[in-house]
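To start, the structure under review is shown below, and the notes come after it.
Numbering of residues begins at 1 and proceeds along the displayed sequence.
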Amino acid sequence: MASPNDMPSAMDKEQIFGMAEKEMEYRVELFNKLTQSCFNKCVDKRYKESELNMGENSCIDRCVSKYWHVTNLVGQLLGSGRPPM
C-alpha cells in the first residue's frame with residue numbers, strides 16, 4: 001500500500017502536466033510539419049483526381065517513413081549527447 005509520502009505534491013503534478021502539455025504540442029507540431037512536407041513533395045499542385053494515385057501514395061509512404069526515421073535518429077543523437085556523424 002502506498003504511503004502518503006509516495007503521493008506527488010501539487011508542484012509535481014503541475015510539472016508533470018506541463019511536461020505532458022509540451023510533449024503534446026511537440027507531437028502536434030511534428031505531425032503538422034510531416035504532413036506539410038510530404039504533401040508538398042508528393043502531391044501534384046493541380047489536382048486531377050479526388051483520390052491519391054498509386055505514385056502519390058507510394059511517395060507519401062516513403063516520405064513519412066524517412067521523416068520518422070530521421071526524427072528518431074536525431075532524437076537519439078540529442079539524447080545521447082554524441083556529436084553528429
Side-chain angles (χ1 to χ4, degrees):
M1 182 166 211
S3 69
N5 292 338
D6 291 341
M7 300 292 289
S9 69
M11 182 65 115
D12 290 341
K13 287 180 184 179
E14 195 172 308
Q15 281 182 317
I16 291 168
F17 182 75
M19 288 170 50
E21 191 172 36
K22 288 289 183 194
E23 178 72 16
M24 187 63 168
E25 289 171 7
Y26 166 76
R27 292 195 179 269
V28 167
E29 182 181 355
L30 181 66
F31 176 78
N32 288 337
K33 285 181 181 178
L34 176 145
T35 303
Q36 190 68 39
S37 176
C38 292
F39 181 85
N40 289 339
K41 179 180 179 179
C42 298
V43 178
D44 192 7
K45 305 300 180 245
R46 292 168 278 128
Y47 298 119
K48 300 174 190 154
E49 305 165 2
S50 62
E51 302 287 324
L52 294 174
N53 63 40
M54 189 180 296
E56 291 168 334
N57 265 324
S58 178
C59 179
I60 288 173
D61 283 345
R62 285 190 313 272
C63 181
V64 169
S65 177
K66 287 178 183 179
Y67 200 100
W68 279 122
H69 178 75
V70 169
T71 299
N72 288 332
L73 183 62
V74 169
Q76 288 173 358
L77 288 172
L78 290 174
S80 71
R82 292 188 329 206
M85 293 183 230

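Residue pairs meeting the salt bridge (Lys or Arg N to Asp or Glu O under 4.0 Å) criterion with at least one member in residues 29-41, sequence neighbours excluded: E29-K33. Evaluation of the disulfide (SG to SG under 2.5 Å) test over residues 9-41, restricted to residues two or more places apart or in two chains, returns C38-C63.
Judged as a side chain to side chain donor-acceptor pair (under 3.5 Å), and not counting sequence neighbours, T71 has no contacts. Qualifying salt bridge (charged side-chain N to carboxylate O under 4.0 Å, His left out) partners for E49, counting only residues two or more places apart in sequence or in other chains: none. The side chain to side chain donor-acceptor pair (under 3.5 Å) test applied to R46 returns no partner, not counting sequence neighbours. In this structure, N72 has no side chain to side chain donor-acceptor pair (under 3.5 Å) partners at least two apart in sequence or on a different chain. For E25, there are no side chain to side chain donor-acceptor pair (under 3.5 Å) partners, not counting sequence neighbours. Shown here are the salt bridge (charged side-chain N to carboxylate O under 4.0 Å, His left out) partners of E51, two or more places apart in sequence or in another chain: there are none. Here N32 pairs with V28 under the side chain to side chain contact (heavy atoms under 4.5 Å, CB included) rule; sequence neighbours left out. Every salt bridge (charged side-chain N to carboxylate O under 4.0 Å, His left out) that K48 has, sequence neighbours left out, goes to D44.
E23 contributes atom CD, which lies 4.5 Å from atom CZ of R27 (distance to the nearest 0.5 angstrom). Here CZ of R62 is found 15.5 Å from NE2 of H69. Values are rounded to the nearest 0.5 Å. Taking CE from M24 and CD from E21, the interatomic distance works out to 10.5 Å, rounded to the nearest 0.5 Å.
Listed by chain and number, the hydrophobic cluster partners of Y67 are Y26, L30, L34, F39, V43, Y47, L52, I60, V64, W68, where partners are ILVMFWY side chains within reach of under 4.5 Å, directly or through others.
Closest heavy-atom contact between G55 and N53: N-OD1, 3.0 Å.
At distances below 3.5 Å, not a single donor-acceptor pair connects side-chain atoms of S65 with backbone N or O atoms of D61.
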